[in-house]
Amino acid sequence: MATQYKLPFQLDNPELLHFDSFVNNEWVQASKGGRFEVLDPGTGIAWASCPTNTVEDVPRAVEAAHAAFEKYKKVTPRQRAQWLLKWDTLIRENRNDLAKLLTHETGKPLAEAYGEIDYSTGFTWWFAGEAERIHGGISVPAVPGRRVFTVKQPIGVAAALVPWNFPMAMILRKAGAALAAGCTMVIKPSPETPITTLALMHLAQKAGFPPGVLNVLTTDLENTPSLSEALCKHPLVKKVTFTGSTRVGKLIASHCAEGLKKVTLELGGNCPFIVFDDANLDQALDQLMALKWRHAGQACITANRIYVQAGIYDKFAEMLKERTSKIVVGHGAAEGTTMGPLTTPRGIAKAANQVEDAKRLGAKVILGGNEIKDKGGYFFEPTIITDMKQEMLISREETFAPIAALYKFETEEEAVKLANDTSMGLASYAFTKNIDRMWRMLENLEAGMIGMNTGNSSAAESPFGGIKESGYGKESGKEVAVNEYLITKTGTLTLEDHY
Ligand SMILES: NC(=O)c1ccc[n+]([C@@H]2O[C@H](COP(=O)([O-])OP(=O)(O)OC[C@H]3O[C@@H](n4cnc5c(N)ncnc54)[C@H](O)[C@@H]3O)[C@@H](O)[C@H]2O)c1
Ligand SMILES: O=CCCC(=O)O
């Protein structure tokens with residue numbers, strides 16, 4: 001469908017732009033004909049619209065994915081790998097254009113958009129390699145004359161429900177594993193970020209994936225819960241992979257319980273970042289600057305609670321303030337911008353509420369603390385708060401905004417106790433030059449991923465996933481991620497006249 005909106009950018013390859021849903025390799029409208037707008041968070045202005053699919057549109061997409069699965073499951077792993085590699089190449093070739101789409105949907109600065117694309121192609125590359133390395137096993141059991149073996153088979157149609165903060169990375173992390181395993185997929189992107197997803201579909205089609213292997217149902221905020229529920233409950237959907245908040249993750253798990261669907265849940269974080277007084281402060285600060293301010297604090301693995309040992313607390317806070325003051329907030333596509341807007345206006349309201357709560361309970365705002373109202377989009381000042389206490393809101397819920405909250409601690413035992421005092425368990429970070437202590441951190445911190453003198457642990461080759469209320473299942477990494485899309489079948493063979 002031709003767009004009535006004015007595009008705020010130009011693409012080298014305008015063919016990438018699609019504004020309709022994608023089912024069975026065709027660009028389609030929603031059955032009821034409705035559309036919703038896609039806004040640039042840096043201006044608040046709509047620049048595109050997409051079909052508002054509803055529950056009525058779910059069967060068409062799932063049935064297309066199922067018909068495709070019947071053929072795709074028999075495609076050789078090498079062929080799957082070749083299609084994945086071709087997709088990977090096309091994404092890399094369209095890097096400049098995709099970065100513009102990401103920036104205008106999420107708000108993140110162009111440099112970060114490039115970073116997301118490079119991170120994302122790690123997944124297409126990695127899972128192309130994994131496709132041919134899926135294998136079962138064989139064993140000789142205690143009973144004579146028997147052999148027991150396992151074969152791995154793709155589970156079926158997978159539904160992927162993805163968030164808006166890393167729309168490309170989250171889709172390729174899921175689709176890469178599913179396609180390598182031999183599954184087909186129906187993707188529901190967030191209402192904020194459908195255009196990047198549709199551009200990826202354009203490239204998947206060009207890469208040669210057959211019709212129905214990948215499908216996208218776009219929809220708005222209002223129809224998201226019902227459409228997602230219908231996808232989870234459709235009998236032909238055998239696997240659901242969800243990335244998003246813990247609140248919604250619990251709903252998804254309950255929808256899937258009915259059909260006993262296999263589920264992967266990558267949910268919220270509330271990640272502690274611990275700096276001991278024997279840490280290399282410059283190293284800790286470099287890592288914190290990159291981790292905390294990445295996408296204006298809108299990453300699940302961001303440092304939500306920063307615990308600093310008493311002896312270095314004041315110095316660390318000052319050093320952080322000095323570096324943070326140099327951040328340039330602006331439109332993600334503007335030259336010189338180092339921090340963009342929040343992606344949604346909901347994020348601004350939540351951040352403002354958390355700052356007010358911390359101030360009321362005795363914390364000090366040493367930098368920022370306010371919404372920026374004169375820039376047009378959804379901007380919030382990079383904010384540093386000291387004298388944080390466990391009873392404050394930020395200790396219990398993710399900020400998902402550019403707020404660095406600093407807590408003081410005295411001993412290692414206290415730091416571990418405070419760090420683990422959360423229902424979440426996605427990632428934890430520790431900075432110390434004491435190797436014994438570092439090992440204790442790895443074993444004692446309750447999280448699925450531990451950053452040891454690093455704030456950057458996400459990579460295609462590392463298993464990604466949380467524990468506690470941060471979810472279950474792993475994405476990326478060797479074997480574990482592809483296994484999420486496979487079933488294991490056990491064969492038992494009796495042999496005559498055999499030991
Ligand atoms: N662990 C991870 O890998 C990871 C990665 C990115 C984001 N997250 C988490 O996601 C959250 C931020 O993203 P968000 O605000 O888009 O999360 P969200 O839970 O609101 O939305 C995630 C997805 O679910 C959809 N959704 C929203 N309400 C729904 C409902 N009632 N039923 C079904 N689907 C629904 C959204 O449209 C989106 O596609 C944060 O909590 C963050 O930590 C986690
Ligand atoms: O927001 C969560 C995902 C971020 C990541 O994969 O590093």
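Counting convention: from 1, in listed order, for ligands and their atoms alike.
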**OP:** Please say whether more than 12 non-hydrogen atoms of neighbouring residues, nucleotides or ligands are located less than 6.0 Å from CD in Gln390.
**Re:** yes
Original post:
What distance separates Glu469 CD from Leu267 CG, expressed to the nearest 0.5 Å?
Top reply: 9.0 Å
Original post:
Does the N or O separation between Phe400 and ligand 1 drop below 3.5 Å for any pair?
Top reply: no
**OP:** Report yes or no: do Glu105 and Thr196 form a side-chain donor-acceptor pair below 3.5 Å?
**Re:** yes
Original post:
Would you call the rings of Phe209 and Trp83 parallel, tilted or perpendicular, where under 30° means parallel and over 60° means perpendicular?
Top reply: tilted
**OP:** Among all protein heavy atoms, pick out the one at the shortest distance from atom 27 (C) of ligand 1; state its residue, atom name and that distance to 0.1 Å.
**Re:** Thr224 CG2, 3.8 Å
Subject >> Enumerated ligand 2 atoms positioned under 4.0 Å from heavy atoms of Asn165 >> reply: 1 (O)
Original post:
Does a donor on one side chain sit under 3.5 Å from an acceptor on the other, for Thr54 and Glu56?
Top reply: yes
Original post:
With a 4.0 Å cut-off on heavy atoms, is Ala299 touching ligand 2?
Top reply: yes
Original post:
Does an N or O anywhere in Ser190 fall below 3.5 Å from an N or O of ligand 1?
Top reply: yes
Subject >> Pair Trp125 and Tyr119, ring centroids less than 6.0 Å apart >> reply: no
Original post:
Is there a heavy atom of Arg173 sitting under 4.0 angstrom from any atom of ligand 1?
Top reply: yes
Original post:
For ligand 1, is there an N or O atom under 3.5 Å from any N or O atom of Leu267?
Top reply: yes
Original post:
Which of the listed options, Thr219, Thr193, Leu221, Thr243, holds the heavy atom that is closest to atom 22 (C) of ligand 1?
Top reply: Thr243
**OP:** Provide, to 0.1 Å, the distance between atom 7 (C) of ligand 1 and the closest protein heavy atom, together with that atom's residue and name.
**Re:** Asn165 ND2, 3.4 Å
Original post:
Relative to the heavy atoms of Arg173, which atoms of ligand 2 are at a distance of less than 4.0 Å?
Top reply: 6 (O)
Subject >> 4.0 Å heavy-atom contact, Phe242 with ligand 1 >> reply: yes
Original post:
Judged by non-hydrogen atoms, does Arg294 sit under 4.0 Å from ligand 2?
Top reply: yes
Subject >> Check: Thr246 N/O within less than 3.5 Å of ligand 1 N/O >> reply: no
Original post:
Does a salt bridge link Arg133 with Glu130, judged by any charged N lying under 4.0 Å from a carboxylate O?
Top reply: no
Original post:
Has Arg173 got its NZ or CZ under 6.0 Å from the middle of the six-membered ring of Phe464, at an angle within 45 degrees of the ring axis?
Top reply: yes
Original post:
If you count the atoms of ligand 1 from 1 in the order shown, which ones are under 4.0 Å from a heavy atom of Lys188?
Top reply: 37 (O), 39 (O)
Original post:
What residue and heavy atom of the protein are closest to atom 6 (O) of ligand 2, and at what distance?
Top reply: Tyr119 OH, 2.6 Å
Original post:
So, Asp57 and Lys32, do they make that salt bridge, N to O below 4.0 Å?
Top reply: no
Subject >> Non-hydrogen atoms of Asn270 and Ser395 that approach each other most closely >> reply: ND2-O, 2.8 Å
**OP:** Mind checking whether Ala299 contacts ligand 1 via backbone (N, CA, C, O), side chain (CB onward), both or neither, at a 4.0 Å heavy-atom cut-off?
**Re:** neither
**OP:** Would you mind running through ligand 2 and noting each atom that sits below 4.0 Å from a heavy atom of Met170?
**Re:** 3 (C), 6 (O)
Original post:
Considering only the protein, which heavy-atom contact is closest to atom 8 (N) of ligand 1, and what is its distance?
Top reply: Cys300 CB, 3.5 Å
Subject >> Atoms in ligand 2 with a heavy atom of Ile301 nearer than 4.0 Å >> reply: 7 (O)
Subject >> Aromatic ring pairing Phe127/Phe123, orientation class (parallel under 30°, perpendicular over 60°, tilted between) >> reply: parallel
**OP:** Look at the aromatic rings of Trp27 and Phe22 and report parallel, tilted or perpendicular, splitting at 30° and 60°.
**Re:** tilted
Original post:
Touching ligand 1 at all, Ile252? Heavy atoms, strictly under 4.0 Å?
Top reply: yes
Original post:
Near Leu251, which atoms of ligand 1 are under 4.0 Å from a heavy atom of that residue?
Top reply: 31 (N)
Original post:
Among Glu266, Glu475, Glu484, which one satisfies salt bridge (Lys or Arg N to Asp or Glu O under 4.0 Å) with Lys174?
Top reply: Glu475
Subject >> Nearest neighbour in protein (non-hydrogen) for atom 32 (N) of ligand 1 >> reply: Pro225 CA, 3.5 Å
Subject >> Identity and separation of the nearest protein heavy atom to atom 34 (N) of ligand 1 >> reply: Ser228 OG, 3.3 Å
Subject >> Per-atom contacts of ligand 1 with Leu426, taking only distances under 4.0 Å to non-hydrogen atoms >> reply: 1 (N)
Original post:
What's the shortest distance from atom 3 (C) of ligand 2 to any protein heavy atom, and which residue and atom give it?
Top reply: Cys300 SG, 3.2 Å
Subject >> Protein contact of atom 43 (O) of ligand 1 - nearest heavy atom, named by residue and atom, plus distance >> reply: Glu398 OE2, 2.6 Å
**OP:** Using a strict cut-off of 4.0 Å, indicate which atoms of ligand 1 neighbour a heavy atom of Pro191.
**Re:** 37 (O)
Original post:
What is the closest protein heavy atom to atom 29 (C) of ligand 1, and at what distance does it sit?
Top reply: Val248 CG1, 3.4 Å
Original post:
Under 30°, 30 to 60°, or over 60°: which ring-plane class applies to Trp164 and Phe400, parallel, tilted or perpendicular?
Top reply: perpendicular
Subject >> Approximate separation, where rounding is to 0.5 Å, of Leu203 CG and Ile91 CD1 >> reply: 6.0 Å
**OP:** Please write down residue, atom name and distance for the protein heavy atom closest to atom 7 (O) of ligand 2.
**Re:** Ser458 OG, 2.6 Å
Original post:
Where does the angle between the aromatic ring planes of Phe273 and Tyr429 fall among parallel (under 30°), tilted (30 to 60°) and perpendicular (over 60°)?
Top reply: tilted
Original post:
So, His234 versus His255, ring centres under 6.0 angstrom or not?
Top reply: no
Original post:
With distance as the sole criterion, is a donor-acceptor pair present between the side chains of Asn53 and Ser21 under 3.5 Å?
Top reply: yes
Subject >> Heavy-atom gap Gly269 to ligand 1 smaller than 4.0 Å >> reply: yes
Original post:
At a non-hydrogen distance cut-off of under 4.0 Å, which region of Thr344 contacts ligand 1 (side chain, backbone, both, or neither)?
Top reply: neither
Original post:
Does any N/O atom on Phe166 come nearer than 3.5 Å to any N/O atom on ligand 2?
Top reply: no
**OP:** Specify the protein heavy atom at minimum distance from atom 13 (O) of ligand 1: its residue, its atom name, and the distance to 0.1 Å.
**Re:** Pro163 CB, 3.7 Å
Original post:
Just wondering, are more than 12 heavy atoms of other shown residues or ligands nearer than 6.0 Å to CD in Glu391?
Top reply: yes
